Amino acid sequence: QVQLVESGGGLVQAVGSLTLSCVASGSIFSITSMGWYRQAPGKERELVARITSGGRTNYADSVKGRFTISRDNRKNTVYLQMNSLKPEDTAVYCCNANIYIRSTNPPRDYWGQGTQVTVSS
């Protein structure tokens, strides 16, 4: 069993900053990558940022230069540092991890419960 626990969401003014955290725990052999997705009202969930175990990253064009994703592999934790926030960033942010339970079986995606980020103008 695997669990992802998120924290750090809240209300912030435009141009402000927030940091989200997500900790994976349970029967984990290894984690290939972790990421953040978001879903705004009336829109489908979209990728915000991902990071591999080797530290390679990719970002949505809308957040490049403003958001930074990072990992602490020893703690199975991923962070999302969000700077220069805009009202358009308002959404539920969900943590995702691609996890091997056993090395000989395919990995699976696991999801956190989501945390609300609201940016006011």
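What you see is a predicted model, and the numbers here were worked out from it, not measured in a lab.
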Looking only at heavy atoms, what is the nearest atom pair of [X] and [Y], with distance?
X     : Y      : answer
Met34 : Ala24  : CE-CB, 4.3 Å
Pro87 : Ser121 : CG-CB, 4.0 Å
Ser53 : Ile31  : CB-O, 3.6 Å

Cut-off 3.5 Å, side chains only: do [X] and [Y] have a donor facing an acceptor?
X     : Y     : value
Ser17 : Asn83 : yes
Arg45 : Tyr37 : no
Glu88 : Thr90 : no
Asp72 : Thr77 : no

Find the distance between [atom1] ([X]) and [atom2] ([Y]) and round it off to the nearest 0.5 Å.
X     : Y     : atom1 : atom2 : answer
Phe29 : Ile99 : CZ    : CD1   : 13.0 Å
Arg50 : Asn98 : CZ    : CG    : 6.5 Å
Thr32 : Ile51 : OG1   : CD1   : 12.0 Å

Between [Y] and [X], is there a side-chain heavy-atom distance shorter than 4.5 Å?
X      : Y     : answer
Gln116 : Tyr93 : no
Asn76  : Ile28 : yes
Glu6   : Trp36 : yes
Arg38  : Asp89 : yes
Val23  : Leu4  : no

inquiry  = Can a donor-acceptor pair be found, under 3.5 Å and without considering hydrogens, that links the side chain of Tyr110 to the backbone of Gln1?
reply    = no
Those residues that, when tested against Asp61, pass salt bridge (Lys or Arg N to Asp or Glu O under 4.0 Å) (two or more places apart) = Lys64
request  = Tell me whether Val78 is reachable from Val2 by hopping between hydrophobic residues (I, L, V, M, F, W, Y) whose side-chain heavy atoms are closer than 4.5 Å.
outcome  =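 Looking at the clustering, Val78 is in the same group as Val2.
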